[in-house]
Amino acid sequence: DDERLLSLAVALPGAYDPPRIQTRRGSLCDFTSQQSNLLRVVDARVDPAFEHAPQVTSGQVVAYLGHPVADSRRTPYGAICATSLQPRRWTRTEAAMLASAACIVGSLFLIRQLKREEEELSAYISDADRALLSLSKTIAGLISVHGKAGEELFSTAELKGVVAPE
């Protein structure tokens, strides 16, 4: 996908009123999202690495502070950034705040992912329980359980009748 949504813009000129779609490829955020650390640019217009970025050549960005957004599994999600229309030396406090925000956003993405995984696993477990229950009607009393995993698996009231008495 070659577009990104600028979904939050605070204290920026009217041209930045969200939501706004911008080209992602070649952008400062695209570059930042591929890094592992904070990117701090005082004046992108004179920085050889960024002077040709679309936001810089269009006059939308002069100074840039960005941090990649990833979760604790290092799954990359994008970048969070602050920009200025004037050259700016970003403070340590601003950089730390942005890094903290990136960490929070990454954690929120991970929480959402884990919730989706939990829902999927719950559905698999329900399917397996139904299959075991159906099977139990055929093989009641024929299964021997050894160890904690087996005890856990056959711990529900419906499945206790499947297990052979010890």
From [X] [atom1] over to [Y] [atom2], what is the distance, rounded to the nearest 0.5 angstrom?
X      : Y      : atom1 : atom2 : result
Leu121 : Ser126 : CG    : OG    : 11.0 Å
Ser36  : His67  : OG    : NE2   : 8.5 Å
Gln113 : Leu108 : CD    : CG    : 13.5 Å
Ser100 : Ile80  : OG    : CD1   : 10.0 Å
Arg116 : Leu114 : CZ    : CG    : 9.0 Å

- Option from Leu65, Leu98, Thr32 for which side chain to side chain contact (heavy atoms under 4.5 Å, CB included) with Leu39 holds: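 So the option named by the test is Thr32.
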
- Task: Not counting sequence neighbours, which residues clear side-chain contact (heavy atoms from CB on, under 4.5 Å) with Thr91? List them please.
- Result: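 By the side-chain contact (heavy atoms from CB on, under 4.5 Å) rule, Thr91 matches Thr93, Glu94.
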
- Message: Can you give me the closest heavy-atom contact between Ala70 and Pro76, atom names plus distance?
- Response: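 Between these two residues, the closest heavy atoms are CB-CA, 4.1 Å.
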
- Task: Specify whether Phe31 and Phe50 have parallel, tilted or perpendicular ring planes, treating 30° as the upper limit for parallel and 60° as the lower limit for perpendicular.
- Result: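 Phe31 and Phe50: perpendicular rings.
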
Counting C-beta onward and ignoring hydrogens, is there a side-chain heavy-atom pair between [X] and [Y] closer than 4.5 Å?
X     : Y      : result
Tyr77 : Val105 : no
Pro87 : Arg45  : yes
Val62 : Ser84  : no

- With distance as the sole test, does Arg40 use its side chain to make a donor-acceptor pair with the main-chain N or O of Trp90 at under 3.5 Å?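 Yes, Arg40 side chain to Trp90 backbone: donor-acceptor pair under 3.5 Å.
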
- Message: Checking the side chain of Ser122 only, and the main-chain atoms of Glu118 only, is there a donor and an acceptor separated by less than 3.5 Å?
- Response: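 No, Ser122 side chain to Glu118 backbone: no donor-acceptor pair under 3.5 Å.
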
- Just wondering, are more than 12 heavy atoms of other shown residues or ligands nearer than 6.0 Å to CD in Glu117?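 Yes, enclosed.
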
